[in-house]
Amino acid sequence: MHQNRLDQDSPSAYRRPPGKPKGRQPDEGGRERLRALLGDAPRRRDLLIEHLHRIQDAEGCLSASMIAALADEMRLSQAEVFEVASFYHHFDLVGDGAAPPPALTVRVCESISCAMAGGEALADALPALLGAGVRVQRVPCVGRCEQAPVAVVGRFPVGAATTDSVRAAVDGGLRECPLPDAQDLDAYLAAGGYRALAAVLAGSGAQGGAMGGAGPAMTREQVIDRLEAAGLRGLGGAGFPAARKWRAVAGEPGPRMLVVNADEGEPGTFKDRHCLETAPHRMLEGMLIAAAVVGCDDCWIYLRDEYAGVRALLERELAALRARPPVPGMRLPGIHLRRGAGAYICGEESALIESLEGKRGMPRLRPPYVAQVGLFGRPTLAHNVETLERVAAILAEPAGADGRPDGSGWAAHGRRGRRGLRFFSVSGRVRQPGVKHAPAGISLRELIDEHCGGMADGHELYGYLPGGASGGILPASLADLPLDFDTLQPYGSFIGSAAIVVLSRQDLAREAAVNLMDFFRHESCGQCTPCRAGTAKASKLLRAPDWDTGLLEELSGAMADASICGLGQAAPNPVRSVIRWFGHELGGQAAPDRARGAGDSRGPGDSGGGR
C-alpha cells in the first residue's frame, strides 16, 4: 500500500504510536468526575450545552481535562466541544496550568438602564471593596432593568444595587436566586386555568369531552380563526401574524416541533420574566394549545441562563404537570426545558434552534424558514413567552353566533384603532418602572402618565427607546405616537419587544447610542463581516468628539443591507436616530456627501425602516 510521503519522511519521534488516538486524552480522574456529574443522562449532541453547564456549576470552570473527557464521553472531537463552549459568555475555559477563576463572581450590568442609574460607577468601586477573592465582571443586560442598577452575586440578583448592598449579599452568603412567588398549578386550575385547553382537545378529537365549565369544544380551525380575528401577532419583536404562522407549520409534514423563546436579552426587556415569575401556567397552557392545534410532538423551552429562579420554578411546575395532566386523560407532548448560556444572538429563532441542537448559536441563512426546516430539520413553530401567554385569554373570550370572539374580551382593549393588551417593559427616568399591562396603541406620554406615575422627580422627558437596543431612539416631540406595530417605521424606529427606556434632559442620546453599539459589538456572533466588523468600527467612530455622519451613514447602510440576521440589520438604528433627531448633540458634522458613492441620494437625516 502506498505510504504518505509526509509520514515517510517524518522523524520517528513525531510519529504517533500505532493505536494511539489523536489529541489530548482525558485523564482517568477527569473521566470519573464527569461520569459522576452526568449520571445516566443521555450523551446526545443536543445535550452538549446542558452537560457543559453541569461541569461549570460543579467545578466553577471548564478545564482542558474536563473538555477532553466530555468530548470522549459524547464521541465528539475536542474541537467541536471547545468551539461550542467558547462561544457562550457564561462558560469559563481554563487551560492547562492556568488558575481557575475565583469561587465567586459578581456580575454588574452595564447596559443602558443600569448605566443611566450608576452601574458603571458601581462596577468601578466593587473590585477594591470585595477583594481579590471575588471576581467582578461587567456584563450585558441581565433582564432586571426596572431594578437598575443591578448586580448579581453568584446567581443572587441585587436590585437598586449599592456598594453596601452588594457587600452585604457577599458577606451574607447569598448565592442563589429565590424561587418566585408565582401562581402554581393548583391555584391556576382553581382560577379556571386549562379550560381552554380542554375545549381545544375536545374539538380536535384528542379528548373525549371538555372538562366541566370549559365551554363548547373548538376545532383546530376555529382556534386559528379566533387568533386571527383577535389580531394576535408575535410579541417578541417581529410581529408576524400568529394565525398565519400556525397554519404554515400545520401544513408541513410531521413530525413537528414547538419552540418557546424565553431568551429575552434585548436591553430594556424583562416582560417575559414577569410573565413566568407571576403566572407560568398561562404560557404553558398557550404552549399546549399550540402544540395540540398545530400537531407538535415535542415542546422545547429555551430559557435565558440569567433567570435561575424562573428555571427552578418551571422545573417544579413541569413536574406537577407531568404528575397530574390538567385535562383528564390527555397525553402531554414531550416538554424539554433548556438553559441558555449567555448569548444575545440566541434570541434570533434560527440561532436559538442551533443552540438547542447543541451547537454555537449562529443564525441560519433563509430560506428555508424554521416553519419548514427548524429544530432537528423538522417544521417548527417558534413563539416567545408573551405571545403564548395571550392564547388562552383570547380563546376564553365570549363568542358570537359564528363562533368567533364577539369583541368584548381581550380584543375590546386598545386605542387608536388597535386591538388588545400587551406588556410594556418600562425603565429609565420614570417614577414607577416595571412591566405595564396597557392597551395596544397607547402613546409613550400616556404610558408614563397613566401607568408609571409620571417622570421621576427632577427629570423632564427628552427622548425614549420604544423597542429596546435595536428599536432606535425618538425625541420627546414624538411621544404622542402610538406604541404599536407599523407606526414607528417612518420615524426610523419600531416597537419590537416593547422595551421602553425613557431618557430625560439629564441624558444624552449620543451616549445612549455608544452604549447600545458597544452591546451589539459584544454580542455579534461574528458569522458575517458586515455585523462583525461594522459594529466594531461604529463603536470606535461614535467615540469621536464630532461624529463623521457621512461615514456613519454609509457604514449603517452596509450593515443594514448585508447582515445575515436582525442583530446587524438593526444595530445602526440608534446611530441613525441620533443623527436624524438629536443632531444638536453632535457638534461639527462632516459634509453630508462625504464618502458616499455616486448616485446615493441618502442624506444623514434619512434613516430607513426598522428590522
Side-chain angles (χ1 to χ4, degrees), residues 183-233 235 241-247 249-251 254 256 258 260 275 279-299 317-318 320-335 381 383 385-413 419-421:
Q183 185 184 44
D184 64 10
L185 176 59
D186 288 332
Y188 188 68
L189 287 169
Y194 289 107
R195 293 188 175 183
L197 174 62
V200 171
L201 293 178
S204 67
Q207 179 72 14
M211 60 195 294
M218 288 182 282
T219 66
R220 291 183 171 95
E221 194 56 38
Q222 285 174 330
V223 171
I224 296 176
D225 284 347
R226 279 187 157 223
L227 299 184
E228 189 170 52
L232 180 65
R233 297 173 66 169
L235 299 173
R244 195 190 311 173
K245 184 183 287 190
W246 288 30
R247 285 196 179 98
V249 178
R256 307 174 194 89
L258 187 150
V260 181
C275 292
H281 286 277
R282 291 178 187 166
M283 183 279 288
L284 293 174
E285 182 174 13
M287 177 189 76
L288 293 174
I289 290 171
V293 171
V294 177
C296 299
D297 296 341
D298 286 90
C299 303
E317 294 307 307
L318 288 175
L321 271 183
R322 295 184 185 107
R324 184 161 49 95
V327 179
M330 77 170 293
R331 184 181 67 84
L332 286 172
I335 304 175
L381 177 66
H383 276 309
V385 170
E386 185 186 0
T387 308
L388 292 171
E389 202 261 2
R390 300 283 92 184
V391 169
I394 291 172
L395 298 184
E397 289 186 20
D402 59 357
R404 298 164 70 87
D406 65 7
S408 64
W410 182 83
H413 299 277
R419 289 180 294 174
L421 296 161

Query raised in the report: Under 4.5 Å between any side-chain heavy atoms of L189 and H281, yes or no?
Result: no
Query raised in the report: With sequence neighbours left out, what residues match A250 under side chain to side chain contact (heavy atoms under 4.5 Å, CB included)?
Result: V294
Query raised in the report: What residues form a side chain to side chain contact (heavy atoms under 4.5 Å, CB included) with A191, not counting sequence neighbours?
Result: Q183
Report summary line: Between the CG atom in L318 and the CG atom in L185, the distance rounded to the nearest 0.5 Å is 10.5 Å
Report summary line: Value for CD1 (I335) from CG (D298), rounded to nearest 0.5 Å, stands at 9.5 Å
State which residues pass side-chain hydrogen bond (donor to acceptor under 3.5 Å, both in side chains) with [X]; sequence neighbours excluded, sorted by chain then number.
| X | result |
| --- | --- |
| D186 | R324 |
| R247 | E221, D225, E228 |
| R244 | none |

Query - Backbone of L235 reached by a side-chain donor or acceptor of T387 within 3.5 Å - result: yes
Tell me the closest heavy-atom pair linking [X] and [Y], and the distance in Å.
| X | Y | answer |
| --- | --- | --- |
| P326 | P328 | O-CD, 3.9 Å |
| A217 | Q222 | O-OE1, 3.8 Å |
| R195 | G192 | CG-O, 3.3 Å |
| R256 | G295 | NH1-O, 3.1 Å |

Query raised in the report: With R390, which residues qualify under salt bridge (Lys or Arg N to Asp or Glu O under 4.0 Å), at least two apart?
Result: none
Query - Residues in salt bridge (Lys or Arg N to Asp or Glu O under 4.0 Å) contact with E386, at least two apart in sequence or another chain - result: K271
Result block: side-chain N/O donor-acceptor pairs under 3.5 angstrom for residues 283-292, not counting sequence neighbours:
{"from": "E285", "atom 1": "OE1", "to": "Y188", "atom 2": "OH", "distance (Å)": "2.5"}
{"from": "E285", "atom 1": "OE1", "to": "Y194", "atom 2": "N", "distance (Å)": "3.1"}
{"from": "E285", "atom 1": "OE2", "to": "Y194", "atom 2": "N", "distance (Å)": "3.1"}
{"from": "E285", "atom 1": "OE2", "to": "A196", "atom 2": "N", "distance (Å)": "3.3"}
{"from": "E285", "atom 1": "OE2", "to": "L197", "atom 2": "N", "distance (Å)": "3.1"}

Requested in this report: Take W246 and V391 through the side chain to side chain contact (heavy atoms under 4.5 Å, CB included) test and state the conclusion after the steps.
Outcome: CA-CA 12 Å; W246 288 30; V391 169; 4.1 Å; yes
